[in-house]
Amino acid sequence: MSGPRFRFAPSPTGFFHVGGARTALFNWALARRLGGRFVLRIEDTDEARNRPEWTEGIISALEWLGISTADPTFEGPYLQSDNAAAHLEAARALAESGRAYWCAMTPEEIAERAAADGVTGYGGWSRDLGLDEGPGRVLRFRVPEGETTVIDSVRGEVVFDNSVIEDFVLVRGNGTPVFNLANVVDDHLMGITHVVRAEEHLSNTPKQQMLWEALGHTPPAWGHVPVLVNEQRKKLSKRRDKVALEQYREEGYLAEAMVNYLMTLGWSAGDDVEIRPWSEIESLFRLEEVNLSPAFFDVRKLGAFNGEYIRMMTAEEFAAECGRWVPESWDRDRLSVIVPHLQPRLVTFSDLEGTVDFLFGPVVVDEASWEKAMSAEFASPLLAATRSAYAGLPDWSAEVLKETLETVMEPFELKLGKAQAPVRVAVTGRTVGPPLFESLEALGRAESLDRIDAALARLSG
RNA sequence: GGCCCGUUCGUCUAGAGGCCUAGGACACCACCCUCUCAAGGUGGCGGCACGGGUUCGAAUCCCGUACGGGCUGCCA
């Protein structure tokens, strides 16, 4: 058990937060490069957050990101609730040594007293009552006078005046340990040397550091990274924002793209390179280089990264991946004709089905597209001429189809861009889409001609 | 309200006193390429929050102001 020990301690909430993903990745990069360990601990102290399947969800999300449970760097998962006895034992020790005391005030009583005294929060009113443990009573930490200095590798030294920290609860009225206590006891038990987490925990840190010291241990090295925010610059929340990693996965974002993008939020290697493989990120990442201000999670840029990663795939990889994003019933041969032309056009794989669906089902004509392409004078005659030329073609290939249309359009004095529009709308129903002649090739002669006939009929009718 | 943290193009960032006429990426605009749309190429738009210092010299150091964020729970 030598080497630095990092930990990732998410609380199970039913989905995996992208901000959590970034924190996990930061810890993973550090643990891997430094030859240490990445310890996964599920913080399920709050009984409302205790579902076995949620733990499985966390693990599969981590696996997707490349944080493999099979990697020797990985350790866990541990369940915080399994350590309840140790938490309570620590609480008892603190109570016996006088570092903590029992308090019988309910939240309502505290609010009343605070209002009456004109203060906010708990004023330490039970401090010297010498109460014993009892039903409904909470154990509170006796915050000492003085100040607490947190040495943070991201932010430097942060000093807190202890007088602004109230005597916080260690054990609830129902006898269960609270996060701050459990967190510290677990980190110590697991030999954690580095706590790297989001900035929202910075205010908790002096409390936890006091606990480490009260328990007679040396606190770990701290590192608080900035949070991820939405366009309103508020911390990403599951209520307002799309934060579930699983959702991005389902929409067809590549794990590599997500990982790479997440690592550019709040950190840069210092050069002009943004797209780089994890192996490089891992050797380059330094906590000391992490920025201090919140970063906006920009889905558009995520999309740009995803497109880059899609284009980096080999043709075989891309074709295989496409196969997974399309209905089982779709003809694979037909799909394979068009797929090579989709690689530079896709942002996410969930876009795939909608861009080639016209090849596997009836044409759905977009009326705006029809209007745009068919209102031209030449539309009908050109379509008719194309239809008869196509009908007699000996070879139904994209190349021949293109050359044929170029011949047909000559008397109309049009450019290909104009001339292809009516054909495109007749066959695909839309003005934009995959390359037309390859689409025709994939569709096949019979179906293509039928669609042109249908368009001609509508045009004359 | 109190405590803490922060502030470089719209966004993510480079920048650790002279290399900055502030660089890159996404987005946006234009042009090129082109069978539509993309992709690719070229170019463009656009920023050191503000005010004081310190210094020969400040985006970089100090102070103040403004603004933003986090925490302030018997959640984590």
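Side-chain atoms are counted along with the backbone in the values below, which use heavy atoms only and exclude waters and symmetry mates. Numbers restart at 1 for each chain; the letters A, B, ... are given by sequence-line order, proteins then strands. Quick caveat: nothing in here was measured; it's all calculated off a predicted structure.
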Suppose we define a pair by two distances each less than 3.5 Å, Watson-Crick or G-U wobble; what does [N] pair with here?
N	answer
B/C75	none
B/A14	none
B/C31	B/G41
B/G51	B/C63
B/C3	B/G70
B/A22	none

Would you please confirm or rule out a distance under 4.0 Å between OP1 or OP2 of [N] and any side-chain N or O of [X]?
X	N	result
A/Arg233	B/C12	yes
A/Arg311	B/G40	yes
A/Lys301	B/U13	no
A/Asn291	B/A14	yes
A/Arg286	B/A16	no
A/Lys234	B/G69	yes
A/Lys402	B/C35	yes

Open item on the list: Centre-to-centre under 6.0 Å for A/His341 and A/Phe437, is that the case here?
Closed with: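 Between A/Phe437 and A/His341, which both carry aromatic rings, the centre distance is not below 6.0 Å.
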
Open item on the list: Under 6.0 Å between ring centres: does that hold for A/Phe8 and A/Phe26?
Closed with: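 No, too far apart.
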
TODO: Spell out, as yes or no, whether a donor-acceptor pair under 3.5 Å connects the side chain of A/Asp152 to the backbone of A/His224.
DONE: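 Checked: pair present.
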
Task: Pairing residues for A/Thr148 by the side-chain contact (heavy atoms from CB on, under 4.5 Å) criterion, not counting sequence neighbours - done: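 side-chain contact (heavy atoms from CB on, under 4.5 Å) list for A/Thr148, sorted by chain: A/Asn162, A/Pro206, A/Gln209, A/Met210.
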
Provide, to the nearest angstrom, the distance between the [atom1] atom belonging to [X] and the [atom2] atom belonging to [N].
X	N	atom1	atom2	answer
A/Phe16	B/A76	CZ	C1'	14 Å
A/Asn162	B/C71	CG	P	21 Å
A/His224	B/G69	NE2	C1'	15 Å
A/Phe160	B/U72	CZ	C1'	12 Å
A/Ile275	B/U13	CD1	P	15 Å
A/Arg276	B/A25	CZ	C1'	12 Å
A/His341	B/C35	NE2	P	14 Å
A/Arg155	B/G69	CZ	C1'	10 Å

- [ ] Return the nearest nucleotide to the side chain of A/Thr264; candidates are B/C12, B/C71, B/C74.
- [x]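 Looking only at heavy atoms from C-beta outward on A/Thr264, the closest nucleotide is B/C12.
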
- [ ] Output the single nucleotide from B/G6, B/A27, B/C4 whose closest atom is nearest the side chain of A/Ser293.
- [x]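 Out of B/G6, B/A27, B/C4, the nucleotide with an atom closest to A/Ser293's side chain is B/G6.
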
Task: Cation-pi check, A/Lys207 onto A/Phe141 ring (under 6.0 Å, within 45° of axis) - done: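 Checked: cation-pi criterion not met.
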
Task: Euclidean distance for P, B/U72 against B/A30 (whole angstrom) - done: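 49 Å, rounded to whole Å.
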
TODO: Write down the distance separating the P atoms in B/G68 and B/C20, rounded off to the nearest Å.
DONE: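 35 Å, rounded to whole Å.
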
TODO: Quick one: sort the A/Phe285 and A/Trp267 rings into parallel, tilted or perpendicular, breaks at 30° and 60°.
DONE: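 The arrangement is perpendicular - the two ring planes meet at more than 60°.
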
Task: Closest-nucleotide 5' rank along RNA chain B - winner of A/Thr120 and A/Val178 - done: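 Checking each residue's closest nucleotide, the 5'-ward one belongs to A/Thr120.
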
Open item on the list: Assuming nearest nucleotide by heavy-atom distance, tell me which of A/Val158 and A/Phe437 is located more 5' along RNA chain B.
Closed with: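 Its nearest nucleotide being more 5', the pick is A/Val158.
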
TODO: Would you give the length of the straight line joining atom OG of A/Ser126 to atom CH2 of A/Trp102, rounded to the nearest 0.5 angstrom?
DONE: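 Here the rounded value is 12.5 Å.
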
Just call it for [X]: base, sugar-phosphate, or nothing, with non-hydrogen atoms closer than 4.0 Å on any strand.
X	value
A/Ala421	nothing
A/Gly173	base
A/Leu265	sugar-phosphate

